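To keep things clear, I will list the structure first and then write my remarks on it.
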Amino acid sequence: MAVDLKKVGDEAKLPQPWEIAGPIEADPVTVTPWIVCLRSKAPDQTRQTYALFYKSGKLETYRFAAIVDRCDVQSFRAF
């Protein structure tokens, strides 16, 4: 998962340091059962949070986090 988080952070051009939350269970109607949330902790950044979707331990896709992902109510920790 660390490799995936670094790849997404680099592709999204998120300034370091990063924070993560999860894994959390995804909405039951989705095909990917797990979400990991990633955001920048840099002081001059707006909170751009990404939701990474995992299935069978593999990253399926990622995008800006939406309300349904519940990233905004998670407890984040340093990555």
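Since this is a predicted model, take the numbers as computed values, not measurements.
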Contacts of P23 that satisfy side chain to side chain contact (heavy atoms under 4.5 Å, CB included) - sequence neighbours left out: W34, V36

One should read off an interatomic distance between C71 SG and I20 CD1, to the nearest 0.5 angstrom, of 11.5 Å

Hydrophobic cluster partners of I24 (side-chain heavy atoms under 4.5 Å): I35, F53

Rounded distance [0.5 Å steps], CZ in R39 versus CD in E19: 4.5 Å

Taking the side chain as every heavy atom from C-beta outward, state whether S40 and Q48 have any pair of such atoms under 4.5 Å apart. no

Locate the shortest heavy-atom distance separating V8 from L52; write the atom from each residue and the value. CG2-CD2, 3.7 Å

Which donor-acceptor pairs under 3.5 Å do the side chains of residues 72-79 make with protein atoms, sequence neighbours left out?
unit_1, atom_1, unit_2, atom_2, d
Q74, NE2, R70, O, 3.0
R77, NH2, G22, O, 3.2

Please list, chain by chain and in numerical order, all residues satisfying salt bridge (charged side-chain N to carboxylate O under 4.0 Å, His left out) with K6, sequence neighbours excluded. D10

Qualifying residues under side-chain hydrogen bond (donor to acceptor under 3.5 Å, both in side chains), relative to Y50, sequence neighbours excluded: none

Can you give me the closest heavy-atom contact between T32 and A26, atom names plus distance? O-CB, 3.1 Å

For T49 and L38, what are the C-alpha separation, side-chain angles and deciding distance, and is it a side-chain contact (heavy atoms from CB on, under 4.5 Å)? CA-CA 6 Å; T49 304; L38 174 69; over 6 Å; no

For residues 60-68, dump all side-chain donor-acceptor pairs below 3.5 Å to protein atoms at least two apart in sequence or in another chain.
unit_1, atom_1, unit_2, atom_2, d
Y62, OH, E11, OE1, 2.5
R63, NH1, D69, OD2, 2.7
R63, NH2, D69, OD1, 3.1
R63, NH2, D69, OD2, 3.3

